Trainee: 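Below you will find the structure I want to go over with you.
Quick caveat: nothing in here was measured; it's all calculated off a predicted structure. Every number for a ligand or one of its atoms is a count from 1 in the order of the listing. Because only heavy atoms are used, hydrogens play no part in the values below, and waters and symmetry mates are left out as well, while side chains stay in.
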Amino acid sequence: EKGGYEHFMLKEIHEQPRAIRDTYRGRLLRDEAIIKMAGVEDNMKKFLNANRIIIVACGTSWHAGLVAEYIFEEFSRIPVEVEYASEFRYRNPVITENDVVIAISQSGETADTLAAIKLAKSKGAFVFGVCNVVGSSIARETHAGAYTHAGPEIGVASTKAFTTQITVLTLIALRLARAKGTMSSSTFRMYLQELELIPQKVEQLLKVDEHVKDIARQYLLSTNCLYLGRGYNFPVALEGALKLKEISYIHAEGYPAAEMKHGPIALIDDRMPVIVIATSKGHYEKVVSNIQEIKSRKGKIIAVVTEGDTAVKEIADHVIEIPDCEEAFSPLLTTIPLQLLSYHIAVMRNCNVDQPRNLAKSVTVE
Ligand code: F6R
């Protein structure tokens, strides 16, 4: 059942090329240069008239929502707010009939997300679900939706659900960009082509496993860890930190790289590993100067860079290369080595990777 893998988590990490492909299959039609999603098409008016999109979710799904915020605003020019479902539902939020709420949930059973949906519906908002589990409570409670088609996710730590959520949300953003005219047809075509290349790039990237394992071996006794990223990869830093916390029980924090000097830099010494996402198209020079700041305080740098990088290689203690891609799609790649790093550290620390202590796969109580 684990398909030859030692844990479900590792199996699910390796399933991502297939899962991402299944997510866009039948929806991304490159030859015709269209994106076909019934749930979006049938409700196009709601999306086009939306004053804003409010994304509600918890945990890893909330991180996927943050990535989507950057993508929606860039591609479709619709203002997006991303909310923890648990905060949103108790805040007496301002919601109108011209708001579109997107609820993201792997299980489709998360109590807070479900309650947020009910609240938004009671205020007249149109609610769209992005779920993995077919027929789940959230899938039934929303007005329309799109499934991620990742297949069952058994490991408690979410992996393929995250990358497929980002894929679905990217498809929606691209579809709306065309409908709104915020993206030219040539740029749209280019993105369709680039998105179709992602699964094979993930496949290629998964070969870094042994290299990541070597890095994991050197940091398995760490007690703290910092994750930094900017732009599209800021949410990936948060997700990387969450993954390490939940399965290895090492304290970790994710930060937007530029926020480091507003506090967390005080934590840096020679026992602090700092994982920095420094892709070539994403505010690269600025991130490089953050890396220099960390290095001059003796922090240990594990950098995720684009193939062919030279500047970061000179300073970092370790580099993990990802294939070149459009920056907007880079979270689908940069996430992969961070999942592997957490996995290997947790295994080396003898943690129960698939069922970490105190956690449940779906949080059906608040
Ligand atoms: C982290 C993790 C949790 C879930 C969160 C939301 O790896 O699994 O943070 O992402 O409980 O769950 P869903 O997506 O099922 O609503």
Side-chain angles (χ1 to χ4, degrees), residues 7-13 15-16 19 23 55-68 82-89 101-118 120 127-142 145-169 227 235-250 252-254 331 335-336 338-343 345-346 351-366:
H7 298 96
F8 283 110
M9 182 182 177
L10 190 61
K11 171 175 178 261
E12 288 158 7
I13 290 172
E15 278 173 352
Q16 286 174 113
T23 301
I55 295 178
V56 295
C58 304
T60 291
S61 297
W62 183 77
H63 295 152
L66 282 180
V67 174
V82 189
E83 304 259 5
Y84 284 119
S86 56
E87 286 298 314
F88 178 82
R89 64 179 287 203
V101 172
I102 300 181
I104 310 173
S105 175
Q106 188 285 129
S107 64
E109 302 298 342
T110 302
D112 281 319
T113 309
L114 196 53
I117 292 167
K118 289 180 177 160
V127 186
F128 190 94
V130 174
C131 296
N132 191 42
V133 176
V134 176
S136 56
S137 304
I138 291 175
R140 284 181 280 120
E141 194 64 44
T142 41
Y147 285 114
T148 42
H149 299 307
E153 190 180 66
I154 312 284
V156 164
S158 192
T159 53
K160 63 177 178 172
F162 179 67
T163 44
T164 56
Q165 286 163 346
I166 294 173
T167 304
V168 163
L169 293 158
Y227 286 74
V236 175
L238 299 184
E239 172 61 8
L242 176 61
K243 220 81 304 176
L244 189 68
K245 277 184 266 212
E246 65 182 336
I247 62 170
S248 76
Y249 318 139
I250 294 173
E253 281 192 70
T335 300
I336 310 289
L338 303 192
Q339 293 171 343
L340 289 169
L341 183 67
S342 302
Y343 171 79
I345 291 180
C351 296
N352 187 344
V353 172
D354 283 334
Q355 281 182 299
R357 67 188 184 200
N358 311 339
L359 292 175
K361 184 64 186 162
S362 59
V363 184
T364 54
V365 291
E366 64 172 292

Trainee: In the protein, what heavy atom is nearest to atom 3 (C) of ligand 1, and what distance, to one decimal place, separates them?
Mentor: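 I find the closest protein heavy atom is Thr60 N, 4.1 Å.
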
Trainee: Is it the case that Ser61 and Gln165 place a side-chain donor and acceptor less than 3.5 Å from each other?
Mentor: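 A pair is found: one side chain offers a donor N or O, the other an acceptor, under 3.5 Å apart.
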
Trainee: Quick one: do Lys361 and Glu153 make a salt bridge, cutoff under 4.0 Å?
Mentor: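 Here Lys361 pairs with Glu153 in a salt bridge, since their nearest N and O are under 4.0 Å apart.
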
Trainee: Look at the side chain of Asn132 and the backbone N and O of Gly151, then say whether any donor-acceptor pair between them is shorter than 3.5 Å.
Mentor: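 Flag set: sc Asn132 to bb Gly151 pair under 3.5 Å.
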
Trainee: Checking Asp354 side chain against Phe8 main chain: does a donor-acceptor pair fall under 3.5 Å?
Mentor: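 Judged by distance alone, yes, a pair lies under 3.5 Å.
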
Trainee: Below 3.5 Å, N or O to N or O, backbone or side chain included: is there any such pair between Gln165 and ligand 1?
Mentor: no

Trainee: Return the orientation label for the His7 and Tyr343 ring planes: parallel under 30°, perpendicular over 60°, tilted otherwise.
Mentor: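 The rings of His7 and Tyr343 stand perpendicular, inter-plane angle above 60°.
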
Trainee: What's the shortest distance from atom 7 (O) of ligand 1 to any protein heavy atom, and which residue and atom give it?
Mentor: Glu246 OE2, 2.5 Å

Trainee: Where on Lys243 is there a heavy atom closer than 4.0 Å to ligand 1, on the side chain, on the backbone, on both, or on neither?
Mentor: side chain

Trainee: Who's the nearest protein heavy-atom neighbour of atom 5 (C) of ligand 1, and how far?
Mentor: Cys58 O, 3.7 Å

Trainee: Looking only at protein heavy atoms, which one is nearest to atom 11 (O) of ligand 1, and what is the separation?
Mentor: Val363 CG2, 4.0 Å

Trainee: Output the list of atoms in ligand 1 that are nearer than 4.0 Å to some heavy atom of Ser158, sorted by atom number.
Mentor: 7 (O), 8 (O)

Trainee: Atoms of ligand 1 less than 4.0 Å from Ser61 heavy atoms?
Mentor: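 Close to Ser61: 10 (O), 13 (P), 14 (O).
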
Trainee: Out of Gln355, Lys243, Lys160, which one pairs with Met9 under the side chain to side chain contact (heavy atoms under 4.5 Å, CB included) rule?
Mentor: Lys243

Trainee: Under 3.5 Å between some N or O of ligand 1 and some N or O of Gln106?
Mentor: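 By distance alone, the answer is yes.
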
Trainee: I'd like to know if the side chain of Gln106 and the backbone of Phe162 have a donor-acceptor N/O pair within less than 3.5 Å.
Mentor: no

Trainee: Distance alone, cut at 3.5 Å: any donor-acceptor contact between the side chains of Thr159 and Gln339?
Mentor: no

Trainee: Please list the nearest protein heavy atom to atom 16 (O) of ligand 1 with its residue and the distance rounded to 0.1 Å.
Mentor: Thr110 OG1, 2.4 Å

Trainee: Which pair of heavy atoms, one from Tyr227 and one from Ser342, lies closest together, and at what distance?
Mentor: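 That would be OH-OG, 4.3 Å.
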
Trainee: Give a yes/no on ligand 1: does Val156 have at least one heavy atom closer than 4.0 angstrom to it?
Mentor: yes

Trainee: Heavy atoms only, cut-off 4.0 Å: how does Lys361 contact ligand 1, side chain, backbone, both, or neither?
Mentor: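 Neither; no heavy atom under 4.0 Å.
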
Trainee: In this structure, does ligand 1 have an atom that sits under 4.0 Å from one of the heavy atoms of Ala157?
Mentor: yes

